[in-house]
Amino acid sequence: MTILDDLKSIADREIAEHSQTFFKTAKGEYGEGDRFLGVRVPKVRLIAKKYSHLSLEQLDAIISSEFHEVRLCALVILVERYQKTSNLKERDEIYRYYIKRFKYINSWDLVDTSCHKIVGAHLEDRNRDVLYKWARSRDLWTRRISIVSTFWFIHLNDLDDSYRLAEALIPDEHDLIHKAVGWVLRECGKKDFRRLEKFINKHVHQMPRTMLRYAIEKFPERKRKAVLAL
């Protein structure tokens, strides 16, 4: 049996059809051409545990699969392996493996499931200039990785890179970047509300509406309406 065999054995056509629509896979949409088997995330995670022993070389055929859930399974395995090992060499190998396969991490859920737990964790005590390089990428998912990776720093009360990247991505034209930046800013606000408020006051007229709404979601109702009125 393989990961694909196991996933196919529990695939659901109705779930697959819903996912094809939900993840915008039609021509011209952000997920164009992606294919789904129809397996819910909790079941993907269970199968990932079964195959957690696979080597990085063996994961190549999985992470490059045409099926979304198979790629997700590979990423779950990578995250679990990175988090469980204390071997610095092995962590570095996983990180380098991950960043060389960005082209397969090509949906918002694949990005959000994995990047902060590998990229963010790996850069915790390292130079983070690469995040700013990725923020300038033409590739949507690489840009999203740059900002979502900072969730790791946020939980450590390290907010500087989140704000700098958010500021750099304000002009971005894609809705999925607007949502990601707004989401990151909202989480920053949970750590330091006054700093978020100051950032919003400075950039409110430049921020895309979706980004702004996500960022101020936890503002008191009266303050939130006042900001949106601007």
Side-chain angles (χ1 to χ4, degrees), residues 1-7 41-165 168-169 180 183-184 187-188 191:
M1 292 285 284
T2 65
I3 286 179
L4 180 57
D5 292 330
D6 277 353
L7 288 170
V41 172
K43 293 183 177 180
V44 172
R45 291 187 177 277
L46 285 175
I47 290 175
K49 287 185 179 181
K50 177 180 176 181
Y51 291 92
S52 62
H53 62 280
L54 294 180
S55 68
L56 295 181
E57 291 75 17
Q58 289 172 316
L59 283 177
D60 270 341
I62 302 166
I63 201 168
S64 61
S65 173
E66 63 182 313
F67 293 107
H68 190 102
E69 296 95 336
V70 180
R71 300 196 304 280
L72 174 60
C73 198
L75 292 170
V76 171
I77 291 171
L78 284 174
V79 167
E80 290 298 315
R81 184 169 300 171
Y82 187 93
Q83 292 183 325
K84 287 182 177 180
T85 184
S86 58
N87 185 296
L88 297 181
K89 181 179 179 181
E90 185 177 358
R91 284 191 164 193
D92 191 62
E93 288 175 350
I94 295 169
Y95 167 77
R96 294 185 184 283
Y97 179 93
Y98 182 90
I99 66 174
K100 288 179 180 179
R101 286 157 181 82
F102 275 5
K103 66 179 179 180
Y104 304 123
I105 310 169
N106 56 354
S107 183
W108 57 265
D109 64 315
L110 302 182
V111 169
D112 299 355
T113 295
S114 60
C115 70
H116 61 297
K117 296 177 181 178
I118 295 179
V119 172
H122 201 70
L123 299 182
E124 178 180 333
D125 298 315
R126 293 177 172 85
N127 185 287
R128 302 171 186 176
D129 287 350
V130 69
L131 296 178
Y132 297 87
K133 176 184 176 181
W134 294 342
R136 298 189 297 271
S137 173
R138 292 184 178 182
D139 179 67
L140 165 64
W141 307 117
T142 301
R143 299 199 306 278
R144 188 170 173 111
I145 287 170
S146 75
I147 186 69
V148 174
S149 291
T150 70
F151 270 110
W152 187 266
F153 313 145
I154 293 171
H155 93 273
L156 299 172
N157 292 313
D158 179 358
L159 311 181
D160 289 352
D161 289 293
S162 296
Y163 278 110
R164 289 173 188 151
L165 285 160
L169 289 167
W183 180 29
V184 164
E187 295 306 304
C188 286
K191 298 293 186 178

In terms of relative ring orientation, are Tyr95 and His122 parallel, tilted or perpendicular, with 30° and 60° separating the classes?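 Parallel, since the angle between the ring planes stays under 30°.
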Name the orientation class of the two ring planes belonging to His53 and Tyr51 (parallel below 30°, tilted from 30 to 60°, perpendicular beyond 60°).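 Rings of His53 and Tyr51: parallel, as their planes differ by under 30°.
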With a 3.5 Å distance limit and no angle check, can you tell me whether [X] reaches the backbone of [Y] through a side-chain donor-acceptor pair?
X      : Y      : value
Arg91  : Ser86  : no
Ser64  : Asp60  : yes
Gln83  : Glu80  : no
Arg71  : Leu110 : no
Thr2   : Asp5   : yes
Tyr97  : Glu57  : no
Thr150 : Ile147 : yes

Just so I know, are the side chains of [X] and [Y] near enough to count as touching, which here means a heavy-atom distance under 4.5 Å?
X      : Y      : answer
Ile47  : Glu69  : no
Val130 : Ile99  : no
Phe102 : Asp139 : no

Is it true that Arg144 and Asp112 make a salt bridge, defined as a side-chain N closer than 4.0 Å to a carboxylate O?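 Yes, Arg144 and Asp112 are salt-bridged.
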Electrostatic pair Arg96:Asp92 at N-O distance under 4.0 angstrom: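 Salt bridge between Arg96 and Asp92, a charged N being under 4.0 Å from a carboxylate O: yes.
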Are a donor atom and an acceptor atom from the side chains of Asp109 and Ser107 found within less than 3.5 Å of each other?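 Yes, because at least one side-chain N or O of Asp109 sits under 3.5 Å from a partner of the opposite role on Ser107.
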Pair Tyr98-Ser114, side-chain donor/acceptor within less than 3.5 Å: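 Yes - a donor-acceptor pair under 3.5 Å links their side chains.
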Exceeds 12 heavy-atom contacts within 6.0 angstrom, atom CG of Leu156: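 Counting neighbours around CG of Leu156, more than 12 heavy atoms of other residues, nucleotides or ligands fall under 6.0 Å, so yes.
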Please give me the minimum heavy-atom distance between Ser162 and Ile154, naming the atom from each residue.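 Ser162 and Ile154 have their closest heavy atoms at OG-CG1, 3.4 Å.
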